[in-house]
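All values reported here derive from a predicted model rather than from experimental measurement. Computed from heavy atoms alone, side chains included, the values below leave out hydrogens, waters and symmetry copies.
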Amino acid sequence: MSEWGFTVIQTNQSDMDQMDRGLIAKIGNAEPSIFWCIGCGSCSATCTAAQFNNFSPRRIIQAIRSGQVKDIMGEVNKCLLCGKCQLVCPRHVNTRNILLNVKQIMGQDAI
Amino acid sequence: MGRLYERLCEDLRCLEGLKSCMNCGVCTAICPSAEFYRYDPRKICDTVQRADDESIEQLLKSDTIWYCGECMSCKTRCPRGNTPGLLIMALRKLSQEMGYFTDSEKGRQQFAIRRVIGDSILTTGYCMRPILVNPANHPEQGPVWEWVYNNLPEVMDKVGANYLKDGPGALRRIAPEVLSEINQIFQVTGGQDFFQLIEEFSKDKADEMCLDAGELGGDNAYFSEVYTKNSGNHH
Amino acid sequence: MNKTIVIVGGGPAGLEAAAALGSSPHHVLILEKEHNTGGKLKNWHHLFPNFADASEILKSLEKSLPLNNSEIKYDCDVFKMEQMDGNLLVSLKSGEKIKADAVLLATGFDLFDAYKKEEYGHGIYKNVITSSELEGMFVNNSFPDQLKDGLPKKIAMVHCVGSRDKKAGNMHCSKLCCITGVKQAIELRKYLSKSSVYNFYMDLRMYGQHFEELYQEAQEDYGVNFIRGRVSEIAEISDGKLQVKAEDTLSGRPMKMIFDLVVLLIGMTPATSAASIAQSLALPKSGSGFLAPVHQHISANETCIPGLFLAGTCREPLSLQESITDARAAALKIIEWLKLKDNH
Amino acid sequence: MEQEGKKRIWSEYQKEIADDHYFYVRSCIRQTFFPGSETTFLKILRDDLSRDVFEDARHTTCTGIGYHTDIVPFETIMTIAARHFALMTEAGYVNFVPSCVTSFGIYTEILDTWKHFPEMEAKARDYLWTATRREFKIPDNLSHTSDIIYRFRNELAELSGHRLVNKNDGKPLKVVEHIGCHYAKMFPKCGVGGAEFPAVLSGMVEAWGGEVIDYPERRHCCGFGFRQYLIKANRGYSLSNSKKKFESMQPYQPDFIVANCPGCAMFLDRWQYTIAEMEGITYDKSGKGIPVLTYEELAGLIMGYDPWVMGMQMHQISVEPLLDKIGIVYNKKDKYLGSKGQYIGVPQPPHFLLQ
Amino acid sequence: MRFDYFVVPFCAGFGYLIIVLLFTYGRWINELGEGAALKIFKSLLTRKTLLASREVFQECLVHRKVFRVNPLLGYMHMSLALGWFLLIVIGKFEASYFTGEFTNEFYFPIFFRFFELSPHRTFTLQFFNALMDFLLLFILSGVALALYKRFKSSAMGMKNSTKHTSGDKWALALLWMIFPLRLFAESLTAGFAGNGSFLTQPLGNLLGMILPVRMLATPVWWGYSIVLGGFMVALPYSRYMHIPTEILLIFLKNWGIKPKDSISGMAFFELYSCSRCGICIDRCQLNPAINKKNQMVYFLRELRAGNEVTQMAHNCLLCGRCQEICPVGIDLTNLRTISRKQKDNAHIHSSSYPSIPMHSFSTKVLYFAGCMGSLTPGIRKSMETILEVSGEKYLFLDKEKSYCCGRPLKLAGRLAEAEKVSQNIKEAIVSSGANTLVTSCPICYKSFKDDYKCELRVLHHSEYLLELIQGGMISIRSGNKRLVYHDPCELGRKSGIYTQPREILTKLGSLTNVEEAYGKSLCCGGSLGHLTISMEEREQIQKSTAEYLNQDNPDCIATACPLCKKSLTKFSESPVKDIAELIAENLIKSNYKDHKTKKSNLAEAVRIDT
């Protein structure tokens with residue numbers, strides 16, 4: 001649309017009714033503790049990978065739960081599975097297994 | 001507490017706009033801009049509230065503060081009586097005073113606004129006149145407007161406007177003595193200086209980008225750059 | 001010497017205070033503005049965090065009233081009080097005046113009028129209801145037809161309605177709506193097992209015994225969803241469904257969602273019935289209009305008026321348990337005060 | 001939808017609107033795009049309602065667009081506003097009536113600031129004196145022109161020859177209202193009916209027989225965003241916000257849109273054309289678009305004014321289908337003729353949108 | 001030629017087995033990978049082969065390791081394996097001796113007594129006869145024990161025994177039938193031919209009294225042959241495949257062949273060497289509640305059957321306790337790890353992984369705390385104090401930010417990613433020019449030592465601290481605290497470091513021993529190897545291990561791993577401390593002062609000079 005000089009912008013607003021329930025269904029099944037997360041962020045605070053990039057386990061869990069999983073793979077690949085997240089979680093969320101599952105599921109989907 | 005934060009606090013709109021934010025996100029939820037840009041007024045309030053100069057400077061140099069449409073919908077809903085939109089206005093003012101606005105694509109557009117709206121106010125007494133809505137620059141105005149534009153005196157006359165004539169009425173000519181009053185007010189209140197500041201910083205940026213900014217109007221390379229450039233990285 | 005103690009309000013705090021004063025030789029008179037006792041408790045079904053039956057609790061409160069020295073007067077609207085020779089003169093709207101040696105205000109609270117949060121459309125959209133209306137549905141087992149048909153429904157619970165809100169004139173936190181929201185979300189999931197429930201919250205203040213556990217249960221066992229973000233507006237779309245907008249602040253993105261029912265978790269506001277009494281005695285109020293005691297920490301039940309005491313939610317939002325404890329504390333203070341009065 | 005609930009809210013936002021003797025100030029945008037609406041407003045007030053409206057030729061822009069594009073400092077705009085108050089004071093008026101919603105918002109904001117920060121008012125007096133040797137009194141009453149029409153809606157209903165009813169089936173016309181953001185969002189108490197359920201337009205529509213329909217994005221901004229529209233590169237923002245509104249109102253199939261803000265009326269009109277050209281979409285069944293009216297035009301129509309004298313030919317979306325529905329008699333041939341009936345050419349037809 | 005039709009089933013079975021084995025082993029050997037052939041060829045005529053032979057004797061026949069677990073269990077295995085082996089070998093000698101020629105029909109020794117009906121009166125033959133009867137009795141006693149074990153495994157020290165598949169049960173039934181049938185066949189023959197010895201002859205006579213033995217003998221010999229042949233056909237498809245495979249495995253292992261990163265070649269040798277004896281079941285700390293039928297024996301079975309094992313592969317602490325006790329010595333944890341292997345994501349940007357700033361500096365020692373080290377500031381701080389006091393110039397590699405060594409990814413089977421993570425750290429280590437790398441984390445230690453292949457000394461801090469003490473760089477106060485040492489899995493079993501920490505601890509106090517120590521040490525439950533286990537389940541293990549270590553109410557539980565420390569602290573009554581912390585507490589700091597004075601004196605001197 002060069003003649004207009006502008007285009008319609010896609011909305012940023014997430015429509016929760018249209019969200020992708022696929023991943024959360026699979027992961028919730030494999031690791032139900034994903035539902036216990038209260039978003040406190042202690043996992044992101046201790047995360048080894050997060051010291052070097054904008055990786056955030058809390059955000060990933062959030063994204064899976066709200067079905068915004070489009071760009072999640074690139075993010076999940078930053079995880080080192082070092083397990084500190086699990087050690088600090090006040091709700092006993094097995095964040096490491098959640099991330100591992102995402103890696104596995106997304107890897108399979110990719111094939 | 002940093003220098004930038006203190007300067008920000010001198011602006012009444014910052015004091016009015018940000019009392020204490022509890023990050024509830026109600027502003028972002030209704031913000032038209034948050035829907036279409038990578039923009040989150042809640043985070044802006046939070047950043048300013050933390051009074052960290054480094055992140056405030058980053059904000060002032062970013063595209064972020066220029067996304068707001070100043071519709072002030074945020075004001076209606078904030079449970080703490082803040083107005084993120086007013087805070088944005090204070091941030092934009094400071095960004096222009098510091099010359100940081102030329103660091104971002106959206107910030108640089110201030111030059112075009114100053115040239116079009118600023119000049120129009122001072123020379124004609126109006127922010128907006130039909131002649132400024134040139135169909136070439138406004139394809140969205142459509143063929144009816146093009147017809148109006150090409151027949152301005154006749155159409156305006158038919159609908160009872162006093163187009164470019166003396167005396168009261170729509171689109172009348174603003175008398176020279178009135179314009180001098182307006183200019184005087186701009187002189188006295190710092191409006192003129194502020195225009196000058198935008199001009200100077202923009203010209204520096206234009207030089208840096210090896211583009212000509214001209215002396216008047218929008219007929220120059222820097223103007224068309226800032227008026228039309230959209231990197232597409234905003235959402 | 002036997003004295004007269006007037007208790008204004010026959011809710012849980014008033015009843016408990018009367019029971020506690022039963023061991024004293026004084027005459028206890030409860031003035032209740034409605035024609036039965038129990039206050040807001042009688043409109044409640046089950047109580048957090050253990051789903052205790054509210055009517056059972058009310059029964060046991062009423063049962064423990066002393067028969068020998070207490071009396072309840074129904075339908076009395078107290079509108080004025082004045083100090084008179086070290087006593088208090090209580091005026092009723094009916095024109096009757098009662099002389100009391102001590103008065104305990106247990107006037108309770110009002111529920112926030114959800115209607116004041118215009119953007120949520122309570123009273124305008126028929127599927128926007130308050131937590132108290134939902135509780136009423138549980139009590140009467142009277143659910144609107146569209147919730148009965150057993151199809152999956154989406155229900156939103158909106159926290160902090162009329163609390164922590166300058167716009168609504170309430171800066172205070174009602175502190176009990178959080179756990180009420182969790183409790184009702186669980187009850188809704190039990191009642192409508194195919195439904196999904198979303199709680200929109202800013203902070204969850206799970207301060208009490210077993211509150212946090214219930215919150216976790218809601219997540220683990222009942223699959224209740226929690227979204228951290230204050231709801232900005234609710235709009236009705238076709239067929240009575242409701243579009244809710246909020247920011248998912250944990251992912252930093254605005255969101256919208258369509259619901260079949262929205263429950264507004266309304267907070268506590270100062271009781272309007274206490275306002276005229278407070279005015280007649282020039283009783284100081286706290287920021288949000290609750291009655292202010294002499295000292296928040298050490299004399300929470302005493303006021304600056306000699307012989308006038310406070311108990312329960314007339315002074316701040318309290319849970320049932322806290323109100324009852326508070327009433328007992330107030331009763332103790334009243335007995336002390338009357339002894340002191342005797343000695344002089 | 002429970003109408004009772006709305007009425008209860010409206011009753012809490014009763015705004016004082018002066019009855020007569022108005023000091024009228026024009027709007028840059030309205031006089032550019034809808035000059036006939038301003039003419040109509042003055043005609044209705046002066047001729048139909050016999051009210052005194054005064055316009056001083058010396059008044060200028062309020063510089064609101066400059067302020068909201070952040071090139072005009074607050075000190076400057078409040079002094080410009082002070083000058084307008086001075087003109088009003090000099091003319092012996094106390095009721096200030098701006099035609100523009102942005103201006104209305106700005107005057108409200110300035111008056112509120114002066115109330116909370118009296119030193120700012122003193123500063124404004126000082127600046128104004130230094131610059132122009134003028135002095136001013138704060139207006140007794142500040143009302144938007146739509147407030148004035150709202151105030152006289154019932155009188156107009158009595159005087160009018162038309163009602164907002166489909167003459168074919170006798171059903172009320174379905175109307176979508178759009179309130180300018182700066183009308184009440186900043187200061188809900190200053191708008192009729194408050195910010196959430198404003199009554200200013202719905203009051204008119206209902207008084208004149210139409211039915212206001214509510215739709216989810218009723219409160220959403222049209223997307224002007226000042227700098228967002230003025231800069232070509234940013235216009236996608238404006239377009240997308242309006243699009244969101246159209247999509248939201250589409251299921252209700254409104255007969256027309258009425259707005260009280262000049263910018264909104266223009267955008268909602270033009271963006272329908274743009275979306276049709278860009279994506280081949282219209283939001284009504286006829287493919288002609290949903291007509292967008294200013295409230296002055298709406299009042300003029302029911303009062304039987306000539307649509308072409310009111311400037312309704314300046315709309316990109318044709319208003320004829322609406323005129324036909326109401327049963328207004330108009331001269332088709334006159335639409336694009338000049339003031340003296342001369343032929344001045346006609347607009348090119350759009351590619352997608354039907355005329 | 002001595003022949004009877006009944007030998008056909010046996011011969012067919014035997015032939016089938018040989019073909020299958022040749023084919024299978026050929027395929028696996030082919031998969032051993034490049035360089036394997038050369039390795040085998042080079043080692044063939046060395047001591048390695050001899051050692052392997054000895055191991056085959058010790059483990060495959062005598063079952064030395066099983067004896068260690070439980071003597072009765074050992075006897076049972078030995079009687080079957082060694083007994084049968086001897087039965088074949090001595091039977092062969094017997095046949096050769098009898099015929100006077102070394103070669104004879106290959107089935108002849110097995111059915112010797114069918115073909116050789118005349119009673120033997122020479123002493124040698126009688127001796128052979130008696131020996132063969134004895135061996136048969138020996139085996140039969142094993143079969144009887146095995147039968148008994150089926151009903152009561154606890155008698156042999158096993159709380160749980162393997163639950164077998166129906167295929168295995170069939171093979172087992174065949175195996176158990178072989179020897180009674182042989183006894184029966186030989187006894188029947190002896191009943192009319194009188195060629196038996198002390199076992200078969202009396203039994204034959206007895207049977208002769210009540211049965212028509214001459215008529216019955218041939219059918220029973222038929223039966224014996226069918227069962228033997230049947231067993232050999234079933235062998236490759238049952239757990240008894242371990243019998244031939246284990247022997248080859250031992251040789252290959254001794255010749256230095258290692259499994260690759262996938263289930264192929266050497267891994268198959270390991271997989272098929274599992275006899276499903278079930279000894280590993282009891283050793284598993286996840287047993288039984290958490291890990292129902294998921295222990296190594298079951299895991300290997302599923303893996304061998306080609307079933308989906310992803311879930312099983314992940315449900316394991318990788319603590320190595322099963323491996324420690326496995327009679328076959330299979331590298332069990334490795335098999336789990338490589339089964340976890342997923343298709344690595346090729347487009348990972350290594351840039352998103354940590355990068356350590358490069359240093360080139362004059363000190364020789366690098367210290368690396370590791371991720372877990374950064375969660376236990378007590379250990380980091382102690383190491384800093386000790387290093388300061390020792391006067392050693394060192395660089396704290398991950399002081400500002402913690403880095404991950406990559407082992408957790410490796411344990412999760414994501415080898416390519418692990419490699420990417422380690423690249424940068426490796427470069428930083430190499431570029432530093434240091435010659436010693438000390439780490440507090442056994443996980444990092446294992447990683448640096450085995451995977452990084454850097455040309456510098458890699459020491460766990462327990463090794464390094466002992467060096468410092470022995471070298472007199474630091475001195476510590478001895479105390480009389482009663483200490484218990486907990487061997488971390490990754491440090492003990494995985495890296496073989498048992499003595500150094502204990503040596504340090506004996507200098508600090510009195511070390512009490514617990515039963516489950518060294519290779520048998522319990523896992524703390526914090527293992528990074530297990531990814532799917534829930535926190536509650538982890539806590540069960542943590543709790544029981546902590547309780548176990550606290551059994552004698554020690555004053556302090558010492559360990560040498562930050563993760564163990566973290567896991568045990570939660571449930572331990574007595575304090576849990578890392579060795580570094582214990583040393584730091586008992587450090588005599590006079591050295592430090594000297595060092596400081598020296599330094600400040602120097603500074604003074606410099607000041608005066610200028």
Taking the six-membered ring for Trp, are Trp145(B) and Phe33(D) parallel (under 30°), tilted (30 to 60°) or perpendicular (over 60°)? tilted
Spell out, as yes or no, whether a donor-acceptor pair under 3.5 Å connects the side chain of Trp147(B) to the backbone of Gln348(D). no
Using a cut-off of under 4.5 Å for heavy-atom pairs, which of Asp56(D), Thr79(D), Asp269(D) has the most such pairs with chain B? Thr79(D)
If we define contacts as heavy-atom pairs under 4.5 Å, which of Ser240(D), Ser238(D), Ser27(D), Cys221(D) has the most with chain B? Ser240(D)
Select one option (side chain, backbone, both, neither) describing which atoms of Glu16(B) are under 4.5 Å from chain D's heavy atoms. side chain
For Gln110(B) and Thr69(D), indicate whether the former's side chain and the latter's backbone hold a donor-acceptor pair under 3.5 Å. yes
Could you look at Glu35(B) and say if it's the side chain, the backbone, both or neither that has a heavy atom under 4.5 Å from chain D? side chain
Segment of Val116(B) engaging chain D (4.5 angstrom heavy-atom cut-off): neither
Could you look at Gln313(D) and say if it's the side chain, the backbone, both or neither that has a heavy atom under 4.5 Å from chain B? both
Using heavy-atom distances under 4.5 Å, tell me whether His138(B) contacts chain D through its side chain, its backbone, both, or neither. both
Bottom line for Gln228(D): the part with an atom under 4.5 Å from chain B's heavy atoms is side chain
I'd like to know which of Thr274(D), Ile71(D), Asn241(D), Thr39(D) tops the heavy-atom pair count under 4.5 Å against chain B. Ile71(D)
Can you tell which part of Trp271(D) gets under 4.5 Å to a heavy atom of chain B, answering side chain, backbone, both or neither? side chain
Heavy-atom distances under 4.5 Å only: say whether Tyr227(B) touches chain D with side chain, backbone, both or neither. both
Could you look at Tyr126(B) and say if it's the side chain, the backbone, both or neither that has a heavy atom under 4.5 Å from chain D? both
Side chains of Met89(B) and His68(D) in contact at under 4.5 Å (non-hydrogen atoms): yes
Over all heavy atoms of both residues, which pair between Tyr237(D) and Tyr67(B) is shortest? Give the atoms and the distance, please. CE1-O, 4.3 Å
Does any backbone or side-chain atom of Lys93(B) lie under 4.5 Å from a heavy atom of chain D? Answer side chain, backbone, both or neither. side chain
Assess whether side-chain contact (heavy atoms from CB on, under 4.5 Å) is satisfied between Arg83(D) and Ile182(B), documenting all intermediate values. CA-CA 9 Å; Arg83(D) 179 175 172 275; Ile182(B) 298 298; 4.1 Å; yes
Assess whether side-chain contact (heavy atoms from CB on, under 4.5 Å) is satisfied between Phe186(B) and Ile80(D), documenting all intermediate values. CA-CA 9 Å; Phe186(B) 268 75; Ile80(D) 297 279; 4.2 Å; yes
Under 3.5 Å, is there a donor-acceptor pair linking the side chains of Thr228(B) and Lys232(D)? no
Does the side chain of Arg129(B) come under 3.5 Å of the side chain of Gln31(D) through a donor N or O and an acceptor N or O? no
Check: Thr32(D) and Leu171(B) side chains under 4.5 Å, non-hydrogen atoms: yes
Would you mind telling me which of Val159(B), Val226(B), Asn230(B), Leu179(B) has the largest number of heavy-atom pairs within less than 4.5 Å of chain D? Val159(B)
Name the member of Tyr229(D), Phe226(D), Phe224(D), Phe74(D) that forms the most heavy-atom pairs with chain B at distances under 4.5 Å. Tyr229(D)
Identify whether the distance between the nearest side-chain nitrogen and carboxylate oxygen of Glu181(B) and Arg58(D) falls below 4.0 Å. no
Please check: side-chain N/O of Glu154(B) versus main-chain N/O of Ser339(D), any donor-acceptor pairing under 3.5 Å? no
Nearest-0.5 Å distance that lies between atom CE in Met78(D) and atom CG in Leu12(B): 8.5 Å
Among the options Thr40(D), Thr102(D), Asp126(D), Leu337(D), pick out the one with the most heavy-atom pairs lying under 4.5 Å from chain B. Leu337(D)
Residue among Arg114(B), Glu146(B), Lys229(B), Lys106(B) with most heavy-atom pairs under 4.5 Å to chain D: Lys106(B)
For a 4.5 angstrom cut-off between non-hydrogen side-chain atoms, does Gln184(B) reach Tyr127(D)? no
Looking at Trp308(D), Tyr24(D), Phe34(D), Tyr67(D), which one has more heavy-atom pairs under 4.5 Å with chain B than the rest? Tyr67(D)
Pick one of side chain, backbone, both or neither for Ile113(B), based on which atoms fall under 4.5 Å of a heavy atom in chain D. both
Under 3.5 Å: donor-acceptor pair, side chain of Gln316(D), backbone of Val144(B): yes
Contacting moiety of Asp306(D), where chain B heavy atoms sit under 4.5 Å: neither
Is it the backbone or the side chain of Tyr273(D) that comes under 4.5 Å from a heavy atom of chain B, or both, or neither? side chain
Using non-hydrogen atoms only, which part of Ile77(D) is less than 4.5 Å away from chain B: side chain, backbone, both, or neither? neither
Checking Arg173(B) against chain D: side chain, backbone, both or neither under 4.5 Å from a heavy atom? neither
Should the pair Glu196(D)-Arg77(B) be classified as a salt bridge under the 4.0 Å nitrogen-to-oxygen rule? yes
Chain B contact via Lys43(D) - which portion, at a heavy-atom distance below 4.5 Å: neither
What part of Ile185(B) is in contact with chain D, defined as an atom under 4.5 angstrom from a non-hydrogen atom: side chain, backbone, both or neither? both
Between CD of Gln187(B) and OG1 of Thr130(D), what distance do you get to the nearest 0.5 Å? 12.5 Å
Taking side chain as everything from C-beta outward and backbone as N, CA, C, O, which of these in Lys123(D) sits under 4.5 Å from a heavy atom of chain B? Side chain, backbone, both or neither. neither
Using non-hydrogen atoms only, which part of Tyr163(B) is less than 4.5 Å away from chain D: side chain, backbone, both, or neither? neither
Ignoring hydrogens and geometry, is there a side-chain-to-backbone donor-acceptor pair from Gln96(B) to Asp70(D) under 3.5 Å? yes
Can any side-chain N or O of Gln109(B) pair as donor or acceptor with the backbone N or O of Arg227(D) at less than 3.5 Å? no
Does Lys75(B) make a cation-pi contact with Phe187(D), if we ask for NZ or CZ under 6.0 Å from the ring centre and within 45° of the axis? yes
Heavy-atom proximity to chain D below 4.5 Å, by part of Pro153(B): neither
Bottom line for Ser120(B): the part with an atom under 4.5 Å from chain D's heavy atoms is neither
Name the region of Cys74(B), side chain, backbone, both or neither, that has any atom closer than 4.5 Å to a heavy atom of chain D. neither
